Amino acid sequence: MQIGNLGDPAMAAVLANDQGAELVIPPSLRVHLSAVSITSDPAANIRAGIGYLLMRTAEYAYRSVPDSDSRVYEITVGPFDTIDRIAKTQGSTPEVMKRLNPTAHTLRPGQVLKYQKASIRKVVSGWRSISVASAAARYNASRNAVQYASKLRHAMGVMTTRTDTACR
């Protein structure tokens with residue numbers, strides 16, 4: 001991995017808060033990752049490289065996520081209200097509103113609906129399978145993935161044939 005080397009996009013992606021690192025790298029590790037630590041500390045460099053590979057292996061989706069406030073609230077429907085409008089004004093999502101009010105297909109003024117606080121957030125929805133070849137392709141994107149896969153195979157071979165003591 002070449003994280004931190006000139007032209008490698010991985011460091012910027014790991015340090016950003018919108019490309020998946022915030023979802024796959026634990027906060028306790030993220031606080032120790034910076035441009036300086038990634039380029040000067042081998043352990044931070046390896047952690048950042050693994051984090052970037054996890055970012056590239058994760059599958060992301062936007063989903064309705066309940067907030068930490070799990071209380072159920074009630075609201076009275078007004079004229080011209082819709083589930084979407086109520087959800088937006090009350091800090092919820094249409095999915096949560098529909099789950100809590102399964103029979104509320106047509107809203108009527110005066111009707112009482114339940115809601116919980118929720119928002120639409122980016123989440124890890126799954127993981128792609130990983131192999132040396134896919135790791136090389138996902139990490140390097142358009143660079144020479146075949147050459148990189150060869151380097152990864154060699155590194156994996158060295159790591160798997162040594163004892164724990166030799167790998168420290």
Side-chain angles (χ1 to χ4, degrees), residues 1-72 83-100 115-160 162 164 167-168:
M1 295 186 194
Q2 299 184 19
I3 194 164
N5 286 354
L6 186 64
D8 184 46
M11 183 167 61
V14 165
L15 296 176
N17 283 320
D18 60 353
Q19 296 185 36
E22 71 283 6
L23 300 174
V24 300
I25 301 175
S28 60
L29 289 178
R30 281 183 55 82
V31 298
H32 299 291
L33 296 178
S34 67
V36 171
S37 70
I38 290 171
T39 56
S40 64
D41 176 14
N45 184 274
I46 290 169
R47 287 182 183 111
I50 291 169
Y52 182 68
L53 183 57
L54 288 172
M55 290 166 54
R56 303 277 303 194
T57 304
E59 294 175 341
Y60 302 99
Y62 287 89
R63 301 243 170 96
S64 177
V65 178
D67 287 353
S68 59
D69 176 3
S70 60
R71 291 179 286 177
V72 176
I83 291 275
D84 288 356
R85 185 179 304 150
I86 294 170
K88 185 175 182 178
T89 60
Q90 299 305 314
S92 189
T93 64
E95 291 78 16
V96 168
M97 298 275 307
K98 289 173 185 174
R99 179 178 49 81
L100 292 173
Y115 71 92
Q116 286 178 307
K117 301 290 185 177
S119 58
I120 302 295
R121 295 189 195 146
K122 183 178 183 179
V123 298
V124 174
S125 60
W127 298 91
R128 296 176 189 97
S129 63
I130 190 163
S131 66
V132 170
S134 67
R138 288 190 188 117
Y139 188 88
N140 283 315
S142 62
R143 295 194 193 111
N144 188 343
V146 174
Q147 181 182 11
Y148 191 73
S150 174
K151 290 178 185 179
L152 276 178
R153 268 190 217 87
H154 173 74
M156 292 289 292
V158 169
M159 289 188 297
T160 57
R162 300 250 172 141
D164 279 344
C167 293
R168 289 188 186 168

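Just so it is clear, the values below take in all heavy atoms, side chains as well, and ignore hydrogens, waters and symmetry mates. Small disclaimer: the values here were computed from a predicted structure and weren't measured.
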Least distance between heavy atoms, Val96 atom then Ala118 atom: CG2-CB, 3.7 Å
Can a donor-acceptor pair be found, under 3.5 Å and without considering hydrogens, that links the side chain of Asn45 to the backbone of Thr39? no
Before giving the answer on side chain to side chain contact (heavy atoms under 4.5 Å, CB included), spell out for Asp41 and Val36 the whole-Å C-alpha distance, their side-chain angles and the decisive distance to 0.1 Å. CA-CA 8 Å; Asp41 176 14; Val36 171; over 6 Å; no
If the condition is side-chain contact (heavy atoms from CB on, under 4.5 Å), which residues does Val124 pass it with, not counting sequence neighbours? Leu23, Val24, Ala58, Tyr60, Trp127
Spacing of CD1 belonging to Ile86 relative to OH belonging to Tyr115, to within rounding of 0.5 Å: 10.0 Å
What pair of heavy atoms forms the shortest contact from Thr57 to Leu53, and how long is it? OG1-O, 2.7 Å
Validation row: Ser92, Lys117 side chains within 4.5 angstrom (heavy atoms): no
Test salt bridge (Lys or Arg N to Asp or Glu O under 4.0 Å) applied to Arg128 - qualifying residues, sequence neighbours left out: none
Close side-chain approach of Lys88 and Thr93, heavy atoms under 4.5 Å: no
Any residue meeting side-chain contact (heavy atoms from CB on, under 4.5 Å) with Ile25, in chain and number order, not counting sequence neighbours: Val14, Ala21, Leu29, Arg30, Leu33
If every non-hydrogen atom of Pro94 is compared with every non-hydrogen atom of Ala87, which pair is closest and at what distance? N-CB, 3.6 Å
Roughly how far, to the nearest 0.5 Å, is the CD atom of Gln90 from the CE atom of Met97? 8.0 Å
Salt bridge between Arg121 and Asp67, side-chain N to carboxylate O under 4.0 Å? yes
Contact between Met55 and Gln19 at the side-chain level, heavy atoms closer than 4.5 Å - yes or no? yes
Has Gln116 got a side-chain atom pairing as donor or acceptor with Ser70's backbone, closer than 3.5 angstrom? yes
Minimum heavy-atom separation for Ser37 and His32, please, with both atom names. OG-O, 2.9 Å
